[in-house]
Amino acid sequence: MANIFSSLKNAYNLFKHVDFDKLEALSKKVDLPKMVETISGLDDKQIQGMMKMMGGSGKKKELPPIEGDFYRLGDEALKDEDRELQLKVRAFLEKEVKPIVNHYWNKAEFPFEIIPKLAELNICGLTYQGYGCPGKSNLMEGILAMEMARIDTSISTFFGVQSGLAMGSIYLCGSEEQKQQWLPLMQQFKIIGAFGLTEPEVGSAAAGGLTTTCKKINDKWVLNGQKKWIGNATFADILIIWARDEESNEVKGFIVKKDNPGFAVEKMQDKMALRIVQNGIITLTNCEVDEADRLQNANSFKDTAKVLQMTRAGVAWQAVGCARGAYENALEYTRTRKQFGKPIASFQLIQNHLVEMLSNLTAMQTLCFRLSQLQDQGLLKDEHASLAKVFCSLRTRDVVSKAREVMGGNGILLEYNVARFVADAEAIYSYEGTKEINTLIVGRAITGFSAFV
């Protein structure tokens, strides 16, 4: 009798969980008795495999966190207060920038509303001593450049122009009076700066071929020429303009105000990359600049190169951020996108792409960490920064390409947050020195022979 009641109880529990409408519909498609017989003949291991394939374990799979810093370099290298600052900047970017960035990128417009919020972070001029600047390490600056580029490379570029190229020119080449006048205001984003070196016909040959000229007439300098690809140019308050002295043939630097007579700027249109960055073509027509606005310690291109060496390391970090953003978005996508009844992240070919992406990303990170350590130790040389720029910009191209590949057709849609990285990687590949020029810098250092023409 007990066995009968037990069987009835089991049957009752079974029937409670059976959807008879679905069972009837299934009976019209398959031979149910034969299916039951076949399944009942499977061993435990086979049944477990079948249930796993059907997602019938009843437990939600707990996935590992999405983390582009696979070797935990940030955890090991940063002090607690710097780690806190990194996470504060990351939270700002996730909350304030990520939700709006696709809109502005698509429109090729700049989100001016974020500038006051950036100022509140107190990270501009991060490595400079004095003038209201935080005075932190170059490693910290590189990590923050990576954090910005991880969300959007355009915002990282805007910040790099302001904090690195423009402020750096004054910090490294300006007089004490010029530093006192401009750096505190720029640190607070009350004054926006730009950096004018590249010209329509002169990019890599800037060291000896600038066509923009300067000529001293009494107590003023007269500048003539054009600059191209100048980030922030359309809305900058001051612009660092580099020009060749007609008398000495040496390169000099000037702080040119946007309302200087003879200064004009036109926004560049139809870019396929860094669309949020407002690049301009600057025309200088007998533009008069006071002697007081000449960078007093910029007397040759060697002084210009000091600024470029410092900021080139930052561009290598930007490449890391661009690659990391693409990798993390692609990884998240593959864990939620399903094909053939399961996430595509479970496919061998997809995992191969993801691991190759992570390998490149981790190699880039470790290289840049060491680069920043050399910078903090005062050991950074041109060839160190150039090697990082060459390697990271190349590997970033590989990473964003595979990120777009694992996402299929959705990889070219802005809403999936990878298409921007694919396009912006092309700009990183070229600016702050092309692969070829940086290669020759490293080649000269390791062989002892210059291959520059």
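For clarity, every value in this text was computed on a predicted model and none was experimentally measured. Basis for what follows: all heavy atoms, side chains included, without hydrogens, waters or symmetry-related copies.
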| remark: Residues at least two apart in sequence or cross-chain that pass ring pair (Phe, Tyr, Trp, His ring centres under 6.0 Å) with Trp229, listed by chain then number, are none
| task | Run the salt-bridge test on Asp82 and Lys79 with the 4.0 Å N-O cut-off and return the result as yes or no. | result | no
| Carboxylate-amine/guanidinium contact Lys228 Glu199, below 4.0 Å | no
| field | Basic-acidic side-chain contact under 4.0 Å: Asp303, Lys306 | value | yes
| Nearest-0.5 Å distance that lies between atom CG in Asp245 and atom NZ in Lys216 | 9.5 Å
| field | Glu94: partners by side chain to side chain donor-acceptor pair (under 3.5 Å), with sequence neighbours left out | value | Arg150
| message | Check the orientation of Phe189 and Phe158. Use parallel for under 30°, tilted for 30 to 60°, and perpendicular for over 60°. | response | parallel
| query | Does Tyr429 have Arg397 sitting over its ring (NZ/CZ under 6.0 Å from centre, angle to axis within 45°)? | reply | yes
| Which pair of heavy atoms, one from Thr447 and one from Gly443, lies closest together, and at what distance? | OG1-O, 2.8 Å
| message | Contact between Gln188 and Cys124 at the side-chain level, heavy atoms closer than 4.5 Å - yes or no? | response | no
| task | For the pair Asp382 (side chain) and Gln309 (backbone), establish whether a donor and an acceptor sit closer than 3.5 Å, ignoring hydrogens and angles. | result | no
| note | In this structure, CZ of Arg90 is separated from NZ of Lys98 (nearest 0.5 Å) by 11.0 Å
| field | Side chain His384, main chain Lys381, donor-acceptor under 3.5 Å | value | yes
| message | Could you check whether any side-chain heavy atom of Met148 comes within less than 4.5 Å of a side-chain heavy atom of Ser154, counting everything from C-beta outward? | response | no
| request: I would like to know whether Phe110 and Phe235 meet ring pair (Phe, Tyr, Trp, His ring centres under 6.0 Å); could you show each step before the answer? | output: CA-CA 10 Å; Phe110 188 87; Phe235 60 91; 5.3 Å; yes
| Is the shortest side-chain N to carboxylate O distance from Asp237 to Lys257 below 4.0 Å? | no
| task | For Ser156 and Asp152, indicate whether the former's side chain and the latter's backbone hold a donor-acceptor pair under 3.5 Å. | result | no
| CE-CD distance between Met186 and Gln181, expressed to the nearest 0.5 angstrom | 11.0 Å
| Test item: Ile100 and Glu113 side chains (from C-beta on) under 4.5 Å apart, heavy atoms | yes
| request: Using modelled atom types only, decide if a donor and an acceptor are shared between the side chain of Asn232 and the backbone of Ile192 within a distance under 3.5 Å. | output: no
| Leu165 versus Val307: any side-chain heavy-atom pair under 4.5 Å? | yes
| note | The reported gap from CE in Met167 to CD1 in Ile240 (rounded to nearest 0.5 angstrom) is 11.0 Å
| message | Could you check whether Arg395 makes a cation-pi contact with Phe391, meaning its NZ or CZ is under 6.0 Å from the centre of the six-membered ring and within 45° of the ring axis? | response | yes
| said: According to side-chain hydrogen bond (donor to acceptor under 3.5 Å, both in side chains), does anything in residues 402-411 pair up with another residue at least two apart or in another chain? List the pairs. | reply: Tyr333-Asn410, His353-Glu405, Glu356-Lys402
| task | Would you name the heavy atoms of Ala273 and Ala427 that are closest together and state the gap between them? | result | CB-CB, 4.0 Å
| request: Hey, could you give me the CD1/OG distance between Ile143 and Ser372, rounded to the nearest 0.5 Å? | output: 7.5 Å
| request: Look up atom CG in Leu284 and atom CZ in Phe254, then write down how far apart they are to the nearest 0.5 Å. | output: 10.5 Å
| Hey, what's the ring geometry for Tyr128 with Tyr171, parallel, tilted or perpendicular (30° and 60° as the breaks)? | parallel
| request: Decide, yes or no, whether a salt bridge links Asp69 with Arg324 under the criterion of side-chain N to carboxylate O below 4.0 Å. | output: no
| field | Side chain to side chain, Phe340 and Phe347, heavy atoms closer than 4.5 Å | value | yes
| Minimum side-chain heavy-atom gap Asn279-Lys267 below 4.5 Å | no
| Looking at residues at least two apart in the chain, or sitting in another chain, which of them share a side chain to side chain donor-acceptor pair (under 3.5 Å) with Thr157? | Tyr431
| message | Once side chain to side chain donor-acceptor pair (under 3.5 Å) is applied, do any residues pair with Gln375, and if so which ones, sequence neighbours excluded? | response | Asn138
| Shortest non-hydrogen contact between Cys392 and Met364, atoms and distance | O-CE, 3.7 Å
| Min side-chain heavy-atom separation Thr212-Trp242 under 4.5 Å | no
| Can you name the closest pair of heavy atoms from Ala194 and Val161 and give their distance? | CA-CG1, 3.9 Å
| task | Answer yes or no: is there a side-chain heavy-atom contact under 4.5 Å between Cys214 and Val222? | result | no
| Of the non-hydrogen atoms in Val265 and Gly280, which two are nearest, and what is the gap between them? | CG2-CA, 4.2 Å
| Donor-acceptor contact below 3.5 Å, side chain Gln178 vs main chain Ser175 | yes
| In chain order, what residues pass the side chain to side chain donor-acceptor pair (under 3.5 Å) check against Glu81, with sequence neighbours excluded? | Lys136
| query | Is it true that Glu109 and Arg275 make a salt bridge, defined as a side-chain N closer than 4.0 Å to a carboxylate O? | reply | no
| field | Minimal non-hydrogen separation, Gly125 against Cys133, with atom names | value | O-CB, 3.2 Å
